[in-house]
Undergrad: 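Please find one structure pasted underneath; my questions will follow.
Labels below follow one simple rule: chain letters A, B, ... track the order of the sequence lines, proteins then strands, and each chain is numbered from 1.
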Amino acid sequence: MNRLADIESMLPKMKSGDELIKALEIKPDYDESIREENMAVRLMGLSDIYNVYVPSKMAKEIYYKLYLALVYSMRKKTTRKAILQQNENYKAIMAQEYRGIIGGADSLLIAGTSGIGKSTAISRAISLISDKGVMELDMPYSFIIPCIVVQCPFDSSVKNLLLEILRKVDEQIGSNYYQNAIRARATTDMLLGMVSQVSLNHVGLLVIDEIQNVVNSKNGRGLIGMLTQLINDSGISICMVGTPESVMFFESSDYLARRSLGLQYQAMAYDEDFYNICHVLYSYQYVKHYTELTEAVKEWIYEHSAGIVSNIVVLLHDAQEIAIMDGTETLEISSLNKAYKNRMALLHGYIAPSVEKRKATTAVKKKADRVYETKEVQDAEGETEQENLIALLVSQAKKNGTDIVKLLQENLTVMEVSV
Amino acid sequence: MITYFPEIYPDELFYSRLARCYVKAGYPAYIYMAEDFFQDKKVRPDIEFINTFTSAAFQVVTRKMPINEIIMKYTMFPYYGRFISKERRNKAYQALIEMRGNYNNLLPKVKSCRERFLRYCPLCVKADRDKLGETYWHRNHQITGINVCSIHRCYLKNSEVVISAKASPILHHAEGMIPQKDNVELVQNDIEYELAKYVAAVFQSDLDMDSDVHIGEFLHSRMIGTKYLSARGKKRYMELLYRDFISYYEKLSENRIKELWQLQKIFTNDRSNFVDVCLLAYFLKIPVDDLVNMEVPDMPQDEVFDTEIKRLHDNGLKYPEIAKKLGMSYDSVKAIGNGRYGKYQHKKENPQKGGVRSRDWEQFDMDYLPFVKKAVQRIENDKSSMPKKITVIGIERDVGLSEGSMKKMPKCREEIRKHFISQEQLWAKKVVWAVQKILSERQMLNWKHIRNLTNMRNENFQACKPYLEMYADVDMVERIKELL
């Protein structure tokens, strides 16, 4: 007999180390003989690159965080306070005065640049955590969904988000909550009570994607306030996922910041994680002539992807596609460059600045890098100092009749571009 | 689909479990829960028993506990059904299992001009909230006639939930209806508390559905040896019993028995209210186990007494000595010794002497058994007339015995009992007979003709459908079901 008190033992065991990596990664089957096939077959097979998933440090961290959030949420359901909260939530549904008793479990924010793979990492983590699917209990008779993922509405509408949660629950367990809410013409307060109750009964972890939608919406604070109340009234863990602009939103006040402690990720550094991904993706070659991954190619890929995984995948996929279609049949810098120029033109403005980030190759630039790095840790006062420096150098050049560019190069990082 | 149903608490009313489900499952309004659970969404939830569930709800409700266990342990059936006749008890039980509403007609519901409310014990409520986080409606607190908690020795309180057929259809959960803080009034007199414990113990005991001992007989037999029953057990001293009974319970806050005739009706099996019976049983100091597993002596008291007189007399004692020994008058003892009292008669030492010969019932039973068997078969196989029930009275008439003869013929009674059928089975037999008659006479087969022949009502037709297969083949059953 499955009891609510034993819910924690019903979860899949937490993985770690190599076992975790193996469970997270997705490597479609690849046979080198495909390179001998005709163009159509190879082009079709090429799409497997999109299915490759190589877990990084970020993926592991996300898995641990989500798993622990889920466990914490499940434990809350077995407490006496959960029973008290169920009765309070009923008052909310009946539009009576009520209070939050159970308190929040764990709420966190996972923020990162678009394309670095956080949604995929979350999806992989969720699929591991929800490995056993919906859990059916006997005492009480109930169903528990380990994880539900919803999207934050574009207009930050509270009602829409609450209805979406009910709809997702209905999808998983076959209930009629959404239909009943619509039929009852529930107000937002009633809906909140319903969703709190449903979440307390049936949901372990709620993931809200695209949370950055709250930033540009006038109702954004209201939505976050609703989520706060939902946490307090349901005791479930909530994970918000969004881009870095949502970080600034949450930083704007302490109660928001408290609710959004979590993980922030940027584009990959030129490190072992990046090498790993490159090696794995590069091994999926569908062009006739196999090429090895060299250091130069790695560097090139890094520079032209800004360390963003989705860009790497697009580069390697489209480069091979172009190479197959135009008959060059090799995956090297020339085909990669064609892909970058023709297929990723819209991203050029976002990728180009990443060239600064790699190691300098000249002494001047080394000094410029050092100055740049020093500049990075300066505060706003430092920026003013730099402006003064430029003015000083200009006046010095005028006075001495020296080349201003050379003078600037000696003191600052200067990039010359062709016009 | 129903996706949440709370676990049941100890001694919880099933109504209370449904109410907690309504509160906790996230329904925005009661009607949605009613649609999920009840076949008729507008039905008023039955507080003391169960309503007809939808098939999905029935599956959820009986997932871990069969319906008969729910009825026995989580409804008020043991209160209403314990002391009524076996036949009535089983019919009501069957009606509850099949979720038919006519159990209300079979169970002795208390008619009172006072409104009844769901009740609670403030200290039980506190204990529930401390242990479970919430309280619920306890069965023990709903026993009409007992106003005291059998655990905490305090008076029960009325909630605002009225138990009435006119109440609006809604589920009231205890946690929402019972205040957080409440006064506690302890019971001062011991009798009220001890009685509450006694009644609760009887109520919680297992109910023997096969017991066919009548409560009147049982209580009468338990008065043997008391001052309320004569030595031979044929005369009850009701006045004395009534006086002592009323005096014993004068401090009770509620005692429905105020008149002698009410007490008398218990002995004649015309009054089987649970608390009334318990009051009398407690007064007579009958242990709970004995009341719950009622047994009557194999030999009636008068026979025991008469046999004892005969034995003493056979051992050489004279009637005056016997009278003195047994505390009876000489005339009574002599009359008994001469066999002039009651239906019981001594077997004469010399059976050749004159006088009315006593019948050897055992042999009589054996002799008549073949006739009884033939009569039963004849009645069962008679296709010329409408089927009828095989009853003791009917067979007595058929074989030419006087009414009541078979009381002392257990073999014949047993043979007849083997052929007992329920009312629904009889209806099914009648329907099949009617259809066969109509077909043989080449008349139009429709349900009007069937009704004219059998004089049955539509609900009777519907009730007998599950039994048609016992008396007809598959094709005929299908044809009949289409008509009905």
Undergrad: Identify which part of B:Leu132 has an atom lying under 4.5 Å from any heavy atom of chain A, answering side chain, backbone, both or neither.
TA: backbone
Undergrad: Where on A:Arg183 is there a heavy atom nearer than 4.5 Å to chain B: the side chain, the backbone, both, or neither?
TA: both
Undergrad: Could you list which of residues 120-131 of chain A have a heavy atom closer than 4.5 Å to any heavy atom of chain B, in residue-number order?
TA: none
Undergrad: Look at atom NZ of A:Lys218 and say whether more than 12 heavy atoms of other residues, nucleotides or ligands are closer to it than 6.0 Å.
TA: no
Undergrad: So if I take each residue of residues 72-99 of chain A and look for any heavy atom under 4.5 Å from a heavy atom in chain B, which residues do I end up with?
TA: A:Arg80, A:Ile83, A:Leu84, A:Gln86, A:Asn87, A:Tyr90, A:Ile93, A:Met94
Undergrad: What part of A:Ala186 gets closer than 4.5 Å to chain B, counting heavy atoms only: side chain, backbone, both or neither?
TA: neither
Undergrad: Under a 4.5 Å cutoff for heavy-atom pairs, which residue among A:Asn176, A:Asp138, A:Leu191, A:Asp170 has the most contacts with chain B?
TA: A:Asp138
Undergrad: Minimum heavy-atom separation for A:Pro140 and B:Pro6, please, with both atom names.
TA: CB-CA, 3.7 Å
Undergrad: Side chain, backbone, both or neither: which part of A:Met139 has a heavy atom under 4.5 Å from chain B?
TA: both
Undergrad: Is A:Leu137 in contact with chain B via its backbone, its side chain, both, or neither, using a 4.5 Å heavy-atom distance?
TA: backbone
Undergrad: Side chains of A:Tyr177 and B:Thr3: is there a donor and an acceptor less than 3.5 Å apart?
TA: yes
Undergrad: Which members of residues 149-158 of chain A, sorted by number, sit under 4.5 angstrom from chain B on a heavy-atom basis?
TA: none
Undergrad: How close do A:Gln197 and B:Lys24 get, counting heavy atoms only, and between which atoms?
TA: CG-O, 3.2 Å
Undergrad: Find the distance between OG (A:Ser175) and CG (B:Asp36) and round it off to the nearest 0.5 Å.
TA: 10.0 Å
Undergrad: Is it true that atom CG of B:Asp130 has more than 12 heavy atoms of other residues, nucleotides or ligands lying nearer than 6.0 Å?
TA: yes
Undergrad: Counting a contact as any heavy-atom pair under 4.5 Å apart, which residues of residues 43-75 of chain B contact chain A?
TA: B:Val60, B:Arg63, B:Lys64
Undergrad: Can you give me the closest heavy-atom contact between A:Ala181 and B:Pro28, atom names plus distance?
TA: N-CG, 4.4 Å
Undergrad: Counting only heavy atoms closer than 4.5 Å, note whether B:Tyr32 contacts chain A via side chain, backbone, both or neither.
TA: side chain
Undergrad: Counting heavy-atom pairs under 4.5 Å with chain A, which one of B:Phe5, B:Tyr4, B:Tyr22, B:Tyr27 comes out on top?
TA: B:Tyr4
Undergrad: Pick whichever of A:Glu136, A:His202, A:Gln179, A:Met1 has the most heavy-atom pairs under 4.5 Å with chain B.
TA: A:His202
